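Here is how names work: the chains are called A, B, and so on, in the same order as the sequence lines, proteins then strands, and each is numbered from 1. The model shown is predicted, which means the values in this text are computed figures rather than measured ones.
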Amino acid sequence: MPPPAIDLKTHLSGLFETALEVVAPEATDTPVVLERPKVAAHGDFACNVAMQLARRLKRNPREIAQRIIDQLPTSPWVARAEIAGAGFINLFLRPEAKRAVVQRIFAEGDAYGRVTVGAGKRVQVEFVSANPTGPLHVGHGRGAAYGASLANLLEAAGFDVAREYYVNDAGRQMDILSVSAWVRYLELFAEAVPFPANGYQGDYVRTRAAEMKAVDGDRFSRPAAAVTEGLPDAPEGDEAAVEARMDALIERAKQLLGPDFDRLTLFVLERQLEGIRDVLGRFGVTFDQWYSERSLYDSGRVARALEVLEANGHLYTQDGARWFRSTAFGDDKDRVVQRENGLFTYFASDIAYHHDKFQRGFDLVVDVWGADHHGYIPRVKAALSAFEIDPERLVVPLIQLVALFQGGEAVKMGKRSGSYVTLEDLMDDVGVDATRYFYLARKCDQHLDFDLDLAKSQSNDNPVYYIQYAHARVSSVLEEWGGDRAMLRASDLAPLDTPAELTLLQRITDYPDTIEFAARDLAPHVIAFYLKDLAADFHSYYNGTRFLVEDEAVRNARLALVLAVQQVLRNGLRLLGVGAPERM
RNA sequence: GCGCCCGUAGCUCAACUGGAUAGAGCACCGGCCUUCUAAGCCGGGGGUCGGGGGUUCGAGUCCCUCCGGGCGCGCCA
């Protein structure tokens with residue numbers, strides 16, 4: 001029997017489509033969906049197309065099913081087809097058809113599982129995009145793990161993927177960071193300026209100050225009196241006064257430092273981004289581009305985007321501010337793009353940013369955001385609509401909160417108290433593989449309870465080791481065997497016929513479908529669950545069957561199977577950014 | 001008050017976008033290491049899919065309603 005030129009499922013769907021042309025020529029657009037039945041008695045694949053057609057054809061589904069079966073072309077892969085239940089058509093494959101996947105995996109290797117749904121389409125995945133004003137925390141880590149794996153997944157689905165980090169390096173938060181670092185810097189010159197109540201408190205700010213001194217000496221130093229003179233008081237607890245004092249301090253810094261304020265800001269920004277890039281790199285997360293918000297202003301893109309909206313009558317002035325009429329495109333209320341004081345809002349640069357994304361030619365843009373930003377989606381989509389860009393081309397998966405648990409208790413975190421756990425702490429404590437797996441073992445829009453004890457445990461309770469162990473076990477067996485792996489590619493697979501073997505064959509056959517489904521749903525967790533199931537099938541097989549037996553034909557067939565299983569495990573783990581160790 | 005998300009076994013979560021008997025892990029009980037790694041396997045108990053109504057051949061999944069939890073509703077980012 002020749003190996004299939006196309007994959008099994010495509011072949012089977014084709015059989016149904018041929019039959020439909022005869023049975024229901026007026027309804028050949030009905031999609032043929034093949035499912036894996038939960039019960040073995042229902043065959044290897046089940047098709048519900050007869051039931052789908054019942055309504056349109058106004059006929060009994062079982063009768064339609066029989067007519068389809070009568071018209072199914074004979075196939076070397078199909079043993080028989082039968083009607084079951086309300087009108088399911090159950091297909092039973094010949095054993096050779098089930099075994100063929102092993103050869104396919106050997107032929108495709110690392111590329112096994114790649115599908116073509118995204119072929120010819122460019123997609124951008126923007127993720128993390130944390131403010132450079134502080135270290136990454138465990139919430140950012142989840143976005144990083146999700147975005148990175150999603151990008152891998154989309155690539156496997158055939159998309160041309162660009163990974164991007166949007167750097168919020170403009171605006172007031174950045175100014176506050178600069179001023180915070182500056183005050184710490186002044187302390188190094190014994191210029192005691194009271195640290196602002198809403199400044200960034202972390203130790204990293206002192207580090208930046210020390211770096212500034214090391215590089216630029218006293219260049220930014222000014223007398224404390226000149227800095228504080230005339231600043232408004234900020235009584236503790238009076239938030240408005242605290243903010244007002246900060247604004248005055250920012251103004252004072254710009255005034256005293258002149259052009260050097262920008263130099264200082266860029267210096268601090270550079271170091272902050274370096275730290276973020278470094279942590280993410282160690283976490284296995286990289287980007288094709290770091291896109292600066294600042295550059296949107298410097299290049300005139302913000303002004304240009306707003307001009308386009310203006311020219312099309314989507315902007316108006318009220319109460320001294322400029323508004324975007326987002327309600328014209330389904331938003332709850334109109335939104336300010338330029339404040340009364342002349343400053344642009346964050347939304348203004350975001351309009352320009354998304355305008356620019358689509359001008360760069362992406363067919364699809366994925367923004368990975370924290371769930372607390374969900375109210376922001378309608379206005380961004382409204383902006384796209386105003387640019388006559390189909391808002392459906394922007395998809396925004398929302399990442400829910402992460403709560404750390406240790407000893408059964410929630411680990412308390414508060415940004416104010418500075419007691420929050422950073423991504424760096426987490427990955428140093430738990431390890432990169434376990435951290436990435438735990439982040440991905442849940443749907444992204446589901447709250448995640450991250451059990452630190454479990455993630456750290458090197459035990460059978462820990463799912464990530466469970467999967468890696470399956471991979472390592474295959475290596476161990478092959479090493480024990482000591483033969484030439486390439487030789488296994490030519491093994492005759494006919495001896496594979498036990499239930500455990502057929503289960504494994506079915507599982508690895510489903511891998512490309514799993515990729516396609518997970519990619520369509522933007523759901524890397526599907527891969528995590530799949531790998532756990534595959535590992536379970538393997539461990540069960542391992543425990544019940546000895547591979548290194550005397551009978552060479554049987555031995556080679558079994559080794560070929562587990563070698564194929566190992567390939568699939570490795571391919572899947574790579575998508576998740578989790579290592580596939582040879583031994584543990 | 002309005003909008004979005006969520007509610008499935010004691011706990012943490014799946015469920016192929018409407019399919020056949022709702023599945024895993026943890027926890028609990030009982031077995032398996034002189035044989036390729038026991039970070040493993042095998043068996044067992046455990047469910048009103050938050051409640052109620054509707055749509056249809058068929059609903060955990062879609063619609064309505066109520067209950068319960070989270071988040072959002074700035075000329076903040």
Side-chain angles (χ1 to χ4, degrees), chain A residues 33-39 41-42 46 48 51-52 54-55 60-62 84-88 90 131 133 168 170-174 243 293 318-323 332-333 335-347 349-350 370-378 398 400-401 405 408 441-443 445-449 451 454 457-470 472-481 510 513-514 516-518 520-521 525-526 528-530 532-533 535-536 538-549 555 558-559 562 583-584:
Chain A
V33 178
L34 290 171
E35 296 179 328
R36 286 293 200 178
K38 291 173 200 149
V39 186
H42 293 152
N48 67 357
M51 289 180 288
Q52 300 293 347
R55 208 163 307 168
N60 182 328
R62 286 186 66 100
F88 288 100
N90 293 336
N131 279 337
T133 50
N168 294 114
R172 185 162 180 269
Q173 294 306 316
M174 196 63 224
E243 299 299 334
E293 180 186 9
Q318 187 180 310
D319 303 330
R322 285 175 92 200
W323 298 70
D332 292 338
K333 51 181 79 169
R335 308 291 173 177
V336 170
V337 292
Q338 189 173 21
R339 288 183 256 165
E340 204 177 353
N341 64 9
L343 294 177
F344 291 102
T345 61
Y346 177 84
F347 182 43
S349 46
D350 241 9
D372 55 341
H373 286 65
H374 75 258
Y376 201 77
I377 298 171
L398 297 172
Q400 273 292 357
L401 295 175
F405 281 79
R442 201 116 313 163
K443 275 189 294 201
D445 58 0
Q446 197 81 245
H447 281 273
L448 173 62
D449 289 339
D451 186 334
L454 178 59
S457 76
Q458 306 221 337
S459 76
N460 46 358
D461 297 349
N462 196 331
V464 66
Y465 295 129
Y466 182 84
I467 297 168
Q468 291 182 319
Y469 186 42
R473 267 185 154 175
V474 175
S475 291
S476 175
V477 169
L478 293 171
E479 200 173 316
E480 180 71 23
W481 169 63
D510 288 343
D513 274 349
T514 305
E516 185 168 332
F517 174 76
R520 197 176 63 222
D521 250 24
H525 79 276
V526 168
F529 280 94
Y530 170 87
K532 207 164 75 167
D533 289 341
F538 171 78
H539 286 309
S540 180
Y541 181 45
Y542 179 94
N543 274 274
T545 309
R546 193 167 167 77
F547 308 151
L548 301 178
V549 292
R555 184 175 69 224
R558 290 178 179 168
L559 289 175
V562 299
R583 61 171 57 90
M584 293 173 70

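- The minimum heavy-atom distance between A/L398 and A/I377, with the atom names listed, is CD2-CD1, 4.1 Å.
- Figure legend. B/A14 is base-paired to no nucleotide; pairs are counted as Watson-Crick or G-U wobble with both atom distances under 3.5 Å.
- Between B/G19 and B/G1, the distance separating the two C1' atoms is 41 Å to the nearest Å.
- Dashed line: the shortest gap from a side-chain N or O of A/R339 to OP1 or OP2 of B/C76 is under 4.0 Å.
- A cation-pi arrangement is absent between A/R339 and A/F344, since the terminal nitrogen or guanidinium carbon is not both under 6.0 Å from the aromatic centre and inside a 45° cone about the axis.
- When Watson-Crick and G-U wobble pairs are counted only if both distances are under 3.5 Å, B/C73 pairs with B/G1.
- Taking atom P on both nucleotides, B/U8 is separated from B/U55 by 27 Å, rounded to a whole Å.
- Contact annotation: A/Q52 side-chain N/O to B/G18 OP1/OP2 distance is not under 4.0 Å.
- For the C1' atoms, the distance linking B/C33 with B/C41 amounts to 11 Å, nearest Å.
- At least one side-chain nitrogen or oxygen of A/S540 sits closer than 4.0 Å to the OP1 or OP2 atom of B/C42.
- Look at A/F88 and the base of B/A20; the rings stack, centres closer than 5.5 Å and planes less than 30° apart.
- A/Y376 has no side-chain polar atom (N or O) that falls below the 4.0 Å cut-off from OP1 or OP2 of B/C76.
- Summarising the geometry, the separation between CE on A/M51 and P on B/A20 is reported as 10 Å, rounded to the nearest angstrom.
- The backbone N or O of A/H539 sits less than 3.5 Å from a side-chain atom of A/N543, completing a donor-acceptor pair.
- As a whole-Å value, the separation of A/N90 CG from B/G19 P is 15 Å.
- Contact annotation for A/T545: base contact, defined as any heavy-atom pair under 4.0 Å involving a base atom.
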